[in-house]
Amino acid sequence: EKYQQLQGGFIWDWQDQGLLAHNEKGQAYWKYGGDFGGPEIPSDHNFCINGLLFPDRSPHPAIWEVKKVYQYVKCTLVKQSPIVIRISNLYDFINLDHLELKWELISNGEIIQKGIHTQIEVDKNIILAESKNDDVETFLNLSFQLKCDWVLLQKGHEVAKEQFCLTDKIQVPHLPYFSQDSLEIENTQEQTIIYNSSVRIGFGKKSGLIESFQFQEKEIFSKSLKPNFWRAITDNDIGNNAYEILAIWKSFESLFTLDNIQINNLDNNVQIISKYKNIEWEFSYTLHYEIDPSGRIKVSAHLKMNSEEAPELPRFGFSVGINEGFEEIEYYGRGPHENYIDRKSSAHVGIYRSTVADQYHPYIRPQENGNKTDCRWLTFNGEHKMGLKIFGLPYFDFSALNYDLNDLDYDPHTPHRQHTHELQMKNNVSLNIDLKQKGVGGDDSWGADTHEAYKLLEREYEFSFLIMPFSR
């Protein structure tokens, strides 16, 4: 589009090159290089499992990004008040008479106005609406759909889409206290416990982390809320040797030593500050918690790297285990499919509802999975008459899976976990809450790194979010 004399880009491959097989339990899976013969047989392993589709032509999430980038209908936002757009037709031989435009105005994720244009005018200014809501975050969604069946596609099929942000005012959540009981502090040999009649939060004296989070006598966490800088290695990470180059970030406990913990009473709230250090790499890391009587916790992290020799971060965020019974999720962010910092233009901002089980995409070789970017809030509900909500300040990325990072990560010396069917789904939820993680790349899979714009190259990072329980 930028250079008229060039044609492309072209993607290699269209589909994964795997062969259907069944294990001794009758489970179907896809075999790839290395599955045929012993270790003495030369193989490039899953190198040819690099398509936009599975071998049976079912889609991988990346295909939605390709569709968005390749689409032949382009739009520009000419004016915001009134809302004026201009449509371009990039087809070489046909007009847009087979399409109609459906548009929506979305404020805080909810539809406030919508309309249909059955005749699409090209290269002309089109007024869609006279006004918009300036007080809250507002998006314009455009969807170009078939008016009737067309070759293999059915009426209503979406051929192209676009989203424009009209107002980026994110509302600060108003969260009134649901408990007025003052917080008490109790010390045991292992933990400092902040509690009242509604909540009980245990901070490890040796770890400085939230190790237990009880609400209405129900334990929410199955694993500590822990800083996390690592991601399960992708195929592209293997190709560019990231799993070795970035290996220092794999374990928070191995990298940092707890220096001291401070506990402060602030009127109704309790503040806890955990400070960590790494002398060898000249790193400092500070965790700042502020707890109110409702059990709402503001979590803030600050990492400073004085060493210029330290490699880039794979991600900057937290991991936590959530007990079973919180399977239903709802979030306001990009979706509904998996998306990353360098692969998100097809994932429009909206409110999406799903389950934790449906967040996992069964890549033939397990790897980083299910990320959602630019989230404003995330809610977990389930069988209990309670839930858990995370608010961004203002944004965060997340993934919520029934597999933990170790299940999905790559170990070149371990023959297990090289196929999705070898994984054992867990009942609890493995939740990642991130400022961001590096992009997935993909210029090639045998050496090319992620583009600089999508890497975490700064020497200092800060990240804050709110996490709170609630009754339903």
Side-chain angles (χ1 to χ4, degrees), residues 171-227 258 260-275 286-301 318-332 376-394 396 398 428-429 431 433 463-472:
Q171 290 184 324
V172 177
H174 176 63
L175 305 171
Y177 288 177
F178 56 75
S179 173
Q180 298 297 325
D181 290 353
S182 60
L183 292 169
E184 305 289 338
I185 299 175
E186 174 188 335
N187 281 290
T188 68
Q189 186 174 352
E190 300 293 331
Q191 291 185 333
T192 297
I193 299 170
I194 315 300
Y195 72 97
N196 62 15
S197 60
S198 298
V199 298
R200 188 176 180 88
I201 304 167
F203 288 84
K205 291 184 175 180
K206 294 181 180 179
S207 68
L209 307 175
I210 300 176
E211 296 178 343
S212 173
F213 189 10
Q214 295 181 25
F215 177 63
Q216 296 178 350
E217 300 183 347
K218 169 71 177 178
E219 178 61 61
I220 299 174
F221 288 177
S222 61
K223 291 183 179 180
S224 302
L225 179 67
K226 183 174 68 173
L258 180 62
N260 65 76
I261 300 176
Q262 302 173 25
I263 302 174
N264 304 310
N265 270 307
L266 303 174
D267 297 326
N268 292 326
N269 296 355
V270 174
Q271 179 190 78
I272 295 182
I273 302 172
S274 302
K275 294 185 176 182
T286 302
L287 272 176
H288 185 288
Y289 309 94
E290 187 164 338
I291 306 108
D292 73 22
S294 295
R296 182 167 59 233
I297 308 172
K298 180 181 179 182
V299 182
S300 300
F318 292 81
S319 65
V320 63
I322 300 177
N323 277 315
E324 62 180 304
F326 295 91
E327 279 295 310
E328 298 172 6
I329 67 169
E330 182 178 12
Y331 71 94
Y332 181 26
R376 286 73 170 157
W377 51 258
L378 165 67
T379 299
F380 288 88
N381 287 297
E383 61 191 40
H384 310 292
K385 293 182 178 180
M386 56 179 290
L388 186 70
K389 194 158 191 172
I390 295 101
F391 289 95
L393 297 171
F396 63 96
F398 85 91
N428 61 305
V429 180
L431 172 64
I433 308 168
F463 177 42
S464 296
F465 62 93
L466 297 175
I467 185 167
M468 60 174 289
F470 63 90
S471 298
R472 292 191 287 127

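The first residue of the sequence shown is numbered 1, and numbering continues consecutively from there.
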Q. Please walk me through it: do Glu211 and Leu225 pass side-chain contact (heavy atoms from CB on, under 4.5 Å)?
A. CA-CA 7 Å; Glu211 296 178 343; Leu225 179 67; over 6 Å; no
Q. Would you say Ser224's side chain and Lys226's backbone share a donor-acceptor pair under 3.5 angstrom?
A. no
Q) Are the side chains of Val429 and Phe380 in touch, meaning some heavy atoms are under 4.5 Å apart? A) yes
Q: Compare all side-chain heavy atoms of Pro394 with those of Arg376 and state whether any distance is below 4.5 angstrom.
A: no
Q | Distance-minimising heavy-atom pair for Asn264 and Ile273 | A | ND2-CD1, 4.3 Å
Q. Are Phe391 and Phe465 close enough that their ring centers fall under 6.0 Å?
A. no
Q. Does atom CD of Glu217 have more than 12 heavy-atom neighbours, drawn from other residues, nucleotides or ligands, at distances under 6.0 Å?
A. no
Q: Rounded to the nearest 0.5 Å, what's the gap from CG on Leu287 to OG on Ser300? Could you check?
A: 9.0 Å
Q | Side-chain touch Leu183/Asp292, heavy atoms, less than 4.5 angstrom | A | no
Q: Determine, stepwise, if the pair Lys298 / Leu393 fulfils side-chain contact (heavy atoms from CB on, under 4.5 Å).
A: CA-CA 10 Å; Lys298 180 181 179 182; Leu393 297 171; 4.0 Å; yes
Q) Is Asn269 reaching over with its side chain to a backbone N or O of Pro293, donor-acceptor style, under 3.5 angstrom? A) no
Q) Between Glu219 and Asn323, is there a donor-acceptor pair closer than 3.5 Å when you use the side chain of the first and the backbone of the second? A) no
(Q) Main chain of Gly202, side chain of Ser212: is a donor-acceptor contact present, judged purely on distance under 3.5 Å? (A) no
Q. Counting N and O atoms only, with roles assigned by atom type, does the side chain of Lys205 sit under 3.5 Å from a partner on the main chain of Thr188, one being a donor and the other an acceptor?
A. yes
Q | Ring centres under 6.0 angstrom apart (Phe470, Phe215) | A | no
Q: Flag the pair Ser274 / Leu209 as yes when at least one side-chain heavy-atom distance between them is below 4.5 Å, and no otherwise.
A: no
Q: Can you measure from OG (Ser182) to CG (Asp267) and round to the nearest 0.5 angstrom?
A: 12.0 Å
Q: Answer yes or no: is there an ion pair linking Arg200 with Glu186, defined by an N-O contact shorter than 4.0 Å?
A: yes
**Q.** Side-chain heavy-atom pair Leu378, Ile433 within 4.5 angstrom cut-off
**A.** no
Q | Any Phe318 side-chain heavy atom under 4.5 Å of Val299 side chain | A | yes
(Q) Measuring from atom OH of Tyr289 to atom CD1 of Ile261, what distance do you get when rounded to the nearest 0.5 angstrom? (A) 8.5 Å
Q | Evaluation steps, side chain to side chain donor-acceptor pair (under 3.5 Å), between Gln216 and Ser471 | A | CA-CA 9 Å; Gln216 296 178 350; Ser471 298; 2.6 Å; yes
Q: Starting from the C-alpha separation in whole Å, work towards a yes-or-no answer on side-chain contact (heavy atoms from CB on, under 4.5 Å) for Glu330 and Trp377.
A: CA-CA 8 Å; Glu330 182 178 12; Trp377 51 258; 3.8 Å; yes
**Q.** CG (Asn187) with more than 12 external heavy atoms under 6.0 Å
**A.** yes
Q.
Distance check, rounded to the nearest 0.5 Å: Ile194 atom CD1 versus Gln271 atom CD?
A. 11.5 Å
Q. When rounded to the nearest 0.5 angstrom, what distance separates OG in Ser319 from CG in Leu431?
A. 8.5 Å
Q. Would you call Ile322 and Leu388 a side-chain contact if the rule is heavy atoms closer than 4.5 Å?
A. yes
Q. Does one side chain, of Asn381 or Glu328, offer a donor that lies under 3.5 Å from an acceptor on the other?
A. no
Q: Verify the distance criterion only: is there a donor paired with an acceptor across the side chains of Glu324 and Asn428 at less than 3.5 Å?
A: no
Q.
Give me the atom names and distance for the closest heavy-atom approach of Ile297 to Ile291.
A. CG1-CG1, 4.0 Å
(Q) Any heavy-atom pair between the side chains of Ile210 and Phe221 that's under 4.5 Å? (A) yes
Q) Hey, what do you get for CD1 (Ile185) to OG1 (Thr192), rounding to the nearest 0.5 Å? A) 8.0 Å
